[in-house]
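Please find one structure pasted underneath; my questions will follow.
Keep in mind that the numbers below use all heavy atoms, side chains included, and drop hydrogens, waters and symmetry copies. As the structure is a prediction and not an experimental result, all values here were calculated from the model.
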Amino acid sequence: MKIICLVKFVPDTNQYEYDYETDKINREKSELILNPDDKSALAWALQQKKQDSAIVIEVVSMGPLKLAEELKDFIRLGVDHATLISDRLFAGSDSLATSLVLSKYLRSQEYDLVLTGTHTLDGGTGHIGPQVAELLGNNQFSNIKSIETVNKNFSVVEALQDGQILRVKLQNPSVLSLTNQLTMRLGFVRYENIDKNVDTQFSLVTNETLKLSTEQIGRKGSPTKVRKNSVLKREKGTQQTVKVDDEGIETVIQFLEEKGYV
Amino acid sequence: MFKALILIDNDFVDYSIDLIEVASRMAGEEAVSIYGLGINLADKKISGFDSLICVDDSSLQMKDSRVLTDIIEQVQQAYHFDSIIVLATDFGRMVAPRVAMRLRVGIVADITEIEVIGQERRLIRPAFSGNMLASIICDSTPIMVSVHPNVFHTESLVKIPERIDFPLTELKASSIEVLSVEEVKEKQDIREAKVLVSAGAGFTSTMEQLQILAEQLKGTISVSKPLVEQNRAPRAIQVGQSGKTVSPDLYIALGIYGSMQHVEGLKNVKEIISVNTDSGAPMNYLANLVVIGDAVEFMEKLSLRLEN
């Protein structure tokens, strides 16, 4: 059985540099980390492989060239193959164009299951899973909190959606979007593997391979365009500032009493 | 005439009806005709739309986003809407992008505002963290958007829509089966809470401790995104763009920085108390009462004081 893990690297929102002058995150100085939901998906796949060595895992990511090393570390962790899809022609792609690029590559591969995350740490749209599934003609489900059964024919999963736990059986191949409620750990590369050369298991895929028309990718291929980013100016109302001391607490109590909350 | 289609979510009919406001605003100065799409709605009361397209087929697998995409595609081919609007529930988030891909159009997720300038429709959503809003235009028709429940509200709902029975042409059978459904009852939906005691990255104690203060104030607990990412709280109680949009009378923000993605999840909040060690936190700026200091220490002191 072949599992493809579709993962995204995102700026670490817990440890970013914030520029108060421009009210922006400094993306240059912010570190990229593996998106938590995607990490759960990859960790789950690796755990399955431990139990069944016949499982083949490929990890696929689209992003800048500097991610090559991160992806090679996944091979050192036990993934069979890592693929980085990177080309400056892809820059500026919205979810439609990104999904076209990813699915063009995925269609050239054989697989039984595509695993990915539901949410992204950077406040992304979560469109990629459903859109890739649509292009591949596969079933898709989001908010998956556990995977009960997976085989070549079907998957049985549990998803937490809108206040319901749904147990769903999907015909494979399917795209399963997981959440980090799986609470799986990725582990660390074993000491003896830290410098292991894994180049034969790594591929870099550019548009020379995918051969997508430039009309379909990048800014040109993206129907949604950001017109402008604006800093929101908010009206500052009458405001009182206190400290966490007896006087401050009394002020809070008084405020709550005045407004009728206590 | 600007023609808009709103997909009605059977589990959230009222929130779906609120999307009429989105369609009206998107039309701008143009005359607007608003259609609802109801799939197996049964006898649910629907008002406010001009027309209601009804699809009734009990054999449909309602949790298969591919099946819903097939239906919406057929409806779109028959009516050529200028815009398709979907409620951003967990399931709606599976359907909307799939439909956009089927129709090969762009989609803007979780919009919080719409600006119409001449022919240009600007869809506004919070940008990645920071104190920024992005104005996005869509170069494709229909314009597709997803909208969080509780962001927009519709007032006059007297209109009784004209019912249109839509005959489906052959659909590909579903290969998804729902084996069981279990209702997870949250103590209270944070969208309906009058008082929310909310914890953020600066809150280092447990959810159980937070619950004590919430109960003293007859309120409900909620959190900001970092606590969900750290697995310290479920996403069901997360406020913000990737969580829920809330409208309590009182919002107590404990150690919440106040990124745009969080603040956009607060609509029509009457009073805000913000507790933060960082006096420059954007959350403080929005608050009626700012407490500078540690969120946990504040919680303990306030809790003790309320007990006495």
- Assess whether side-chain contact (heavy atoms from CB on, under 4.5 Å) is satisfied between B/V290 and A/Q240, documenting all intermediate values. CA-CA 6 Å; B/V290 177; A/Q240 200 182 348; over 6 Å; no

- Any idea which heavy atoms bring A/D162 and B/F91 closest together, and the distance? OD2-N, 3.3 Å

- Under the salt bridge (Lys or Arg N to Asp or Glu O under 4.0 Å) criterion, do B/R66 and A/E134 qualify, and how do the steps go? CA-CA 8 Å; B/R66 204 263 306 145; A/E134 169 62 20; over 6 Å; no

- Under the side-chain contact (heavy atoms from CB on, under 4.5 Å) criterion, do B/R305 and A/I253 qualify, and how do the steps go? CA-CA 8 Å; B/R305 173 65 178 77; A/I253 292 284; 3.6 Å; yes

- Which answer fits A/V262, side chain, backbone, both or neither, if we ask what part of it has an atom under 4.5 Å from a heavy atom of chain B? side chain

- Item | Part of B/V228 lying under 4.5 Å from any heavy atom of chain A | backbone

- Task: For residues B/A287 and A/Q239, report the shortest heavy-atom separation together with the two atoms involved.
- Result: O-NE2, 2.7 Å

- Message: Please find the pair of heavy atoms, one from B/G106 and one from A/T224, that lie closest to each other, and give the distance.
- Response: CA-CG2, 3.9 Å

- Item | Contact class of B/R102 relative to chain A, heavy atoms under 4.5 angstrom | both

- Message: Heavy-atom pairs under 4.5 Å with chain A: which of B/V275, B/L306, B/D110, B/D249 has the most?
- Response: B/D249

- Locate the shortest heavy-atom distance separating B/P97 from A/Q131; write the atom from each residue and the value. O-NE2, 2.8 Å

- Counting heavy-atom pairs under 4.5 Å with chain A, the top scorer among B/N231, B/I124, B/L123 is B/N231

- Message: So for A/N180, is it side chain, backbone, both, or neither that comes closer than 4.5 Å to the heavy atoms of chain B?
- Response: both

- Cut-off 4.5 Å, heavy atoms of chain A, and the answer for B/V291 is both

- Leading residue by heavy atom contact count with chain A [cutoff under 4.5 Å; candidates B/G240, B/S175, B/A100, B/S274]: B/S175

- Residue A/A97 versus chain B: region with a heavy atom under 4.5 Å: neither

- Query: Which is it for A/R167 and B/E182 under the salt bridge (Lys or Arg N to Asp or Glu O under 4.0 Å) test, yes or no, and what are the steps along the way?
  - Reply: CA-CA 8 Å; A/R167 220 172 124 242; B/E182 185 195 326; over 6 Å; no

- When rounded to the nearest 0.5 angstrom, what distance separates CD in A/Q161 from CZ in B/R93? 11.0 Å

- Contact class of B/K218 relative to chain A, heavy atoms under 4.5 angstrom: neither

- Tell me, with the steps shown, if B/E271 and A/F255 meet side-chain contact (heavy atoms from CB on, under 4.5 Å). CA-CA 10 Å; B/E271 273 105 23; A/F255 180 88; 3.5 Å; yes

- Most contacts with chain B, counted as non-hydrogen pairs under 4.5 angstrom, among A/N139, A/L256, A/V168: A/N139

- Query: Nearest 0.5 Å, what's the CG-CE distance between A/L96 and B/M144?
  - Reply: 11.5 Å

- Note on the structure: Applying a strict 4.5 Å limit to non-hydrogen atoms, the region of B/V105 in contact with chain A is backbone

- Do you know which of A/D37, A/L135, A/D245 has the most heavy-atom pairs with chain B at a distance under 4.5 angstrom? A/L135

- State the CD1-OG1 distance between B/I292 and A/T241, to the nearest 0.5 angstrom. 6.0 Å

- Most heavy-atom pairs under 4.5 angstrom with chain A, which of B/A109, B/G293, B/P234? B/A109

- Can you tell me if CD on A/E110 sees more than 12 non-hydrogen neighbours from other groups inside 6.0 Å? no

- Task: Please round to the nearest 0.5 Å and tell me the distance separating atom CG of B/D90 and atom OG of A/S177.
- Result: 11.5 Å

- Whatever's closer than 4.5 Å to a heavy atom in chain A on B/L250 counts as both

- Query: Picking from A/T179, A/V156, A/D94, A/I249, which has the most non-hydrogen pairs under 4.5 angstrom with chain B?
  - Reply: A/I249

- Below 4.5 Å from any heavy atom of chain B, which atoms of A/K225 appear? Answer side chain, backbone, both or neither. both

- Note on the structure: Whatever's closer than 4.5 Å to a heavy atom in chain A on B/T89 counts as both

- Query: Relative to chain B, which segment of A/I128 carries a heavy atom at a distance below 4.5 Å: side chain, backbone, both, or neither?
  - Reply: neither

- Message: Tell me whether A/K39 at atom NZ has more than 12 heavy atoms from other residues, nucleotides or ligands lying less than 6.0 Å away.
- Response: no

- Item | Region of B/D64 that comes under 4.5 Å of a non-hydrogen atom in chain A | side chain

- Item | Pairwise side-chain contact, B/K301 with A/V244, heavy-atom cut-off 4.5 Å (strictly under) | yes

- Honestly, the part of A/F154 sitting under 4.5 Å from a heavy atom of chain B is neither

- Task: Against chain A, work out which of B/D139, B/V181, B/I137 has the most heavy-atom pairs shorter than 4.5 Å and name it.
- Result: B/I137

- At a heavy-atom separation under 4.5 Å, does A/E158 approach chain B through its side chain, its backbone, both, or neither? neither

- Query: Under 3.5 Å, is there a donor-acceptor pair between the B/R235 and A/H119 side chains?
  - Reply: yes

- In terms of heavy-atom proximity below 4.5 Å to chain B, should A/V132 be classed as side chain, backbone, both, or neither? neither

- Message: For the CZ atom of B/R104 and the CG atom of A/L100, what is their distance to the nearest 0.5 Å?
- Response: 6.0 Å

- Task: Mind checking the CE-OG1 spacing from B/M94 to A/T118? Nearest 0.5 Å is all I need.
- Result: 9.5 Å

- Query: Within a strict 4.5 Å, meaning less than it, do heavy atoms of the A/R227 and B/E120 side chains meet?
  - Reply: yes

- Residues two or more places apart in sequence or in another chain: which of them pass side-chain hydrogen bond (donor to acceptor under 3.5 Å, both in side chains) with A/T251? none

- Would the number of heavy atoms belonging to other residues, nucleotides or ligands and lying under 6.0 Å from CD of B/E183 be above 12? yes

- Message: Would you say CZ of A/R219 has more than 12 non-hydrogen atoms from neighbouring residues, nucleotides or ligands within 6.0 angstrom?
- Response: no

- Given a strict heavy-atom distance threshold of 4.5 Å, which part of B/I107 is in contact with chain A: side chain, backbone, both, or neither? both

